[in-house]
Amino acid sequence: MLFLSIALTAAVATATPLQRRAPSGVPSFVIDYAPVVHLFSGEQYKPADIGAQLANTKPEVNAATIANAPNPLTLDNLNALNGLGGANVYLTSTSDVTTNPGWLKGVTPDASGKTGGANSSVIVVNDHGNGNVDAFYFYFYAFDFGGIYFGVNVGNHVGDWEHTMVRFVNGKPSQMWYSQHSNGEAFSYGAVQKYKGGKRPVVYSANGTHANYAIPGTHDHTIPNVNLPLGPLEDHTDAGALWDPALAAYYYSFNAASQTFTPYDSSTPTNYLYFNGHWGDAQYPTNDKRQRCVLGISQLCKYTGGPTGPLDKQLNRTSVCPDNGNECIVRPILTPK
Ligand SMILES: *[C@@H]1O[C@H](CO)[C@@H](O)[C@H](O)[C@H]1NC(C)=O
Ligand SMILES: *[C@@H]1O[C@H](CO)[C@@H](O)[C@H](O)[C@H]1NC(C)=O
Ligand SMILES: *[C@@H]1O[C@H](CO)[C@@H](O)[C@H](O)[C@H]1NC(C)=O
């Protein structure tokens with residue numbers, strides 16, 4: 001007995017926390033190469049529980065509450081809103097966000113990197129069937145603080161879905177995508193930093209915006225499709241608190257032909273992934289006293305609209321980049337941006 005208990009203890013001690021958390025059926029490489037994220041050291045809006053977003057919001061269309069929505073809304077019934085306004089639905093904060101309610105701030109990862117009590121990540125595996133497997137690691141935050149544009153705070157919104165994606169070829173990581181604002185950057189897997197010199201890519205989440213970068217520092221970003229009269233807008237990243245998203249994630253496989261998600265564990269909620277509305281408030285109109293827009297430019301308003309969810313992030317890609325018309329440059333070395 002004594003020998004057996006020592007052997008068991010040893011087995012438990014050597015198992016990584018990740019292996020204990022992931023449901024069976026998830027390809028081991030999706031776990032072994034799951035990215036780890038450094039939040040910015042001064043980050044105010046940390047990863048948040050996906051379900052808590054529903055508890056702290058009410059669904060609206062054209063600023064009117066949807067009367068016959070399921071109550072309560074849950075991760076299992078959120079897709080019922082597709083028949084009640086769909087893409088025009090905004091999950092709208094029940095408290096005035098200008099008062100900075102606590103739920104917007106999310107959860108600080110614990111010493112192991114886990115967002116305790118908060119499922120803040122969604123991991124989606126798309127097996128293309130030709131040896132290519134794409135693993136999407138989605139990161140959820142309850143609020144996005146947009147940034148400071150010449151002393152003025154612009155681009156805040158409730159709800160923030162970001163992601164990185166690792167493309168595996170015959171079980172080996174080959175390339176990686178980092179989402180940043182409406183596009184992002186791709187690198188070869190060999191180029192990116194690895195956590196503690198191991199297998200897991202390192203991601204730096206920018207202060208407030210949560211754009212994902214491969215290196216720490218200051219990153220200039222322009223707003224796509226807006227010819228700014230002034231510049232620049234900067235993102236800031238550093239090696240702040242470590243977040244291991246895979247420790248509190250929901251795991252799914254994705255079928256591109258049917259556009260369906262299948263959870264690896266039958267107790268995992270799924271229907272919320274089909275909701276085609278927005279995970280935060282609609283952009284406040286200019287006559288709302290909370291709103292203020294630089295030079296009347298919609299993208300430079302203090303508050304913009306909440307984002308759509310993972311299904312809208314091109315889960316069946318030809319290359320590691322989204323098929324969005326931009327050139328897909330897979331950088332072989334880490335370059336500043
Ligand atoms: C980080 O974001 C907060 C708001 O969440 C802001 O007050 C602060 O100035 C930002 N820090 C840097 C270095 O940009
Ligand atoms: C997080 O997910 C786990 C596993 O699916 C579940 O047991 C737990 O209740 C979830 N937590 C919350 C806050 O929803
Ligand atoms: C999914 O993407 C692959 C390219 O990797 C493509 O060959 C296939 O037709 C796509 N499937 C669907 C249903 O669009």
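In each ligand, atom 1 is the first atom listed, and ligand 1 is the first ligand listed. Note that these values count all heavy atoms, side chains included, but never hydrogens, waters or copies made by symmetry.
Note: Phe140 and Trp161 have tilted aromatic rings, judged against thresholds of 30 and 60 degrees for the angle between ring planes. Below 30°, between 30° and 60°, or above 60°: for Phe136 and His163 the angle between ring planes is between 30° and 60°, a tilted geometry.
In summary, the atoms of ligand 3 found under 4.0 Å from a heavy atom of Ala256, numbered by their order in the structure, are 13 (C). Distances below 4.0 Å separate heavy atoms of Arg317 from the following atoms of ligand 3: 5 (O). Ligand-side atoms of ligand 3 in range of Ala257: 13 (C), range being under 4.0 angstrom from any heavy atom. Near Tyr45, meaning under 4.0 Å from any of its heavy atoms, are these atoms of ligand 1: 5 (O).
Distances from atom 11 (N) of ligand 3 to the protein include at least one heavy-atom value under 4.0 Å. Per-atom contact check: atom 5 (O) of ligand 3 touches the protein, criterion being a heavy-atom distance below 4.0 Å.
Using a non-hydrogen distance threshold of 4.0 Å, Gly117 registers as a contact of ligand 2. Residue Gln259 places no heavy atom under 4.0 Å from ligand 3.
Of the protein's heavy atoms, Phe145 CZ, 4.5 Å lies nearest to atom 7 (O) of ligand 1. Protein heavy atom in closest approach to atom 8 (C) of ligand 3: Asn316 ND2, 3.8 Å. Residue, atom and distance of the protein heavy atom nearest to atom 13 (C) of ligand 1 are Phe40 CZ, 3.8 Å.
The residue Asp265 has no part lying near ligand 2, judged by heavy-atom distances below 4.0 Å.
Salt-bridge check for Arg200 with Asp32: failed, with every basic side-chain N at 4.0 Å or more from each acidic carboxylate O. The pair Arg317-Asp134 fails the salt-bridge criterion, with no side-chain N (NZ, NE, NH1 or NH2) lying under 4.0 Å from an Asp/Glu carboxylate O.
Between Phe187 and Val192 the shortest heavy-atom distance is CB-CG1, 3.6 Å.
Residue Asn119 has at least one N or O atom closer than 3.5 Å to an N or O atom of ligand 2. When only interatomic distances are considered, the shortest N/O to N/O separation between His128 and ligand 3 falls below 3.5 Å.
Within the set Asn153, Asn207, Asn100, Ile148, the minimum heavy-atom distance to atom 2 (O) of ligand 1 is found for Asn207.
Side-chain contact annotation: Thr115 with Ser120, donor-acceptor N/O pair under 3.5 Å present.
Asp144 contributes no side-chain N or O that, together with a main-chain N or O of Val158, makes up a donor-acceptor pair within less than 3.5 Å.
Annotation for Asn62: atom CG does not count as buried by contact number, only 12 or fewer foreign heavy atoms lying within 6.0 Å.
A cation-pi geometry, defined here as NZ or CZ lying under 6.0 Å from the six-membered ring centre and within 45° of its normal, does not hold between Lys105 and Tyr45. Cation-pi contact between Lys194 and Tyr189: present, with separation from the ring centre below 6.0 Å and deviation from the ring axis of at most 45°.
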